[in-house]
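Each remark here refers to the structure printed beneath this line.
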Amino acid sequence: QHLKGAATSRAAPQLLLKQQKGIQMLRYLLKRLLALIPVLLGVAFLIFTMMYFTPGDPAAMVLGDQASEEQLNEWRAARDLDKPFLEQFGKYIWGIVSQGDFGISYKTGKNVTSALLERFPTTFVLAIATCVIAMVLGVLLGILAANHQGTWIDSVLRVFGMAGVSMPIFWLGLLMILWFAVDLKWFPVSGWYGPKYLVLPALTMGLTFTASLMRTTRSSMLDCIRQDYVITARAKGQKERVITYHHVFRNALIPIITAAGSAFGIALCGAVITEQVFSIPGLGNLMVNAITTRDYPLVRGSVLLLAVSFSLVNLLVDLLYACVDPRIKAQFAGKSLKKKKAREEATHE
């Protein structure tokens, strides 16, 4: 019983520390979620202002040139377009907050929320496939380049990285169509009717992000290779494979996670060009068509949805930092302990 009590007394501080870490992590998560509110309000205000002052009349685009002035005014009044700017913006924000309503599409007359939910999964799947390709190829090629620094392998991979970063997505997409769809006939040219239709657009975007992720992995690996703990591991006679993946790669993960998170966010927002090239019915295609037809509710809803997605991806990246690096995880508990000590000192005083 004495030994059991001693073990329990030793385990109690560790349990308390874990609880404090969890509470501090939850507080951090709530703070970040609350910080999204002013960001999204700012994005909504900017996109609403840009759409308000953009040249062009949506009433004329929808009703056509044959519509009379009375019909145009009636159409604008039905959608509150004749109201002052601040009143329009206030009604738009209140509709989102109170009912989750992003408005009605000018072109189709359908609810914008339902239209976005129909198209967003396609863009999300494309972004996921893009990031998987970029992370697998980029990380492996970056490790290979770092382990062969100064050799011809490193030189070839660096040239590939420069070419991939500099190559426009639309040009690479057209090359993919010519090679794999027209000449070899391995994959379909355009559309979205099955897994085969995902390969070419995912490769187009994935290869572009592979180049940047490879450069980030290479530079991060080289910074860690020169550290003292790597020299010590080699002096102990550990295998090079163990040193690379256990010591170097794990300590180089923070910049790689940052680059991967940025790639996913950019893939969500940058799928506009790829969806246009491959005629994919995603969110980017919907947004381009909405811009050309002055469908303001669809444009605003699309931009806000992309802003929310990008913000959540950045939040997930910050949480992954704590999972990968124990030092960052310890900061949460450290802050909690400092606040507790400060409260105790204030109470004693």
Could you pull out every donor-acceptor pair under 3.5 Å between side chains of residues 111-120 and any protein atom, sequence neighbours left out?
from	atom 1	to	atom 2	distance (Å)
Asn111	OD1	Thr113	N	2.8
Asn111	OD1	Thr113	OG1	3.3
Asn111	OD1	Ser114	N	3.4
Asn111	ND2	Asp101	OD1	3.4
Thr113	OG1	Gly100	O	3.2
Ser114	OG	Asn111	O	2.8
Arg119	NH1	Gly282	O	3.2

Would you be so kind as to tabulate the donor-acceptor pairs closer than 3.5 Å made by side chains of residues 45-53, with sequence neighbours excluded?
from	atom 1	to	atom 2	distance (Å)
Thr49	OG1	Phe45	O	2.6

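Under a 3.5 Å cut-off, the side chain of Lys91 and the backbone N or O of Gln88 do not form any donor-acceptor pair. Not one N or O on the side chain of Ser220 forms a donor-acceptor pair closer than 3.5 Å with the backbone of Thr217.
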Val199 vs Leu203, side chain to side chain contact (heavy atoms under 4.5 Å, CB included): CA-CA, chis, key distance, verdict
CA-CA 6 Å; Val199 176; Leu203 275 177; 3.9 Å; yes
Exercise. Verify side chain to side chain contact (heavy atoms under 4.5 Å, CB included) between Asp154 and Leu144, making sure each step is shown before the conclusion.
Key: CA-CA 8 Å; Asp154 186 26; Leu144 182 63; over 6 Å; no
- request: Let me see the working for Arg158 and Arg218 under side chain to side chain contact (heavy atoms under 4.5 Å, CB included), right down to the final yes or no.
  value: CA-CA 9 Å; Arg158 290 173 66 184; Arg218 178 185 179 275; 3.8 Å; yes
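The distance from atom CZ of Arg300 to atom CG of Leu305, rounded to the nearest 0.5 Å, is 15.5 Å.
In terms of the side-chain contact (heavy atoms from CB on, under 4.5 Å) criterion, residue partners of Val308 (sequence neighbours excluded) are, by chain and number, Leu40, Leu312. Taking Thr123 as the reference, Glu275 meet the side chain to side chain donor-acceptor pair (under 3.5 Å) condition, with sequence neighbours excluded. With sequence neighbours excluded, the residues satisfying side-chain contact (heavy atoms from CB on, under 4.5 Å) with Ala127 are Phe264, Ala267, Leu268. Under the side-chain contact (heavy atoms from CB on, under 4.5 Å) criterion, Arg76 pairs with Asp57, Ala59, Glu69, Leu72, Asn73, Leu81, not counting sequence neighbours. Listed by chain and number, the residues in a ring pair (Phe, Tyr, Trp, His ring centres under 6.0 Å) with Trp75 are Tyr106 (sequence neighbours excluded). The ring pair (Phe, Tyr, Trp, His ring centres under 6.0 Å) test applied to Tyr197 returns Tyr193, not counting sequence neighbours. Residues passing the side-chain contact (heavy atoms from CB on, under 4.5 Å) test with Leu198, sequence neighbours excluded: Val125, Leu126, Ala129, Trp192, Ala202. Looking at residues two or more places apart in sequence or on another chain, you find no ring pair (Phe, Tyr, Trp, His ring centres under 6.0 Å) involving Phe102.
Taking each heavy atom of Ile133 and Thr210 in turn, the nearest pair found is O-OG1, 3.8 Å.
Counting Ile, Leu, Val, Met, Phe, Trp and Tyr side chains that sit under 4.5 Å apart, directly or through other members, Val159 stands alone, with no cluster partners.
Evaluation of the ring pair (Phe, Tyr, Trp, His ring centres under 6.0 Å) test over residues 157-182, restricted to residues two or more places apart or in two chains, returns Phe180-Trp186.
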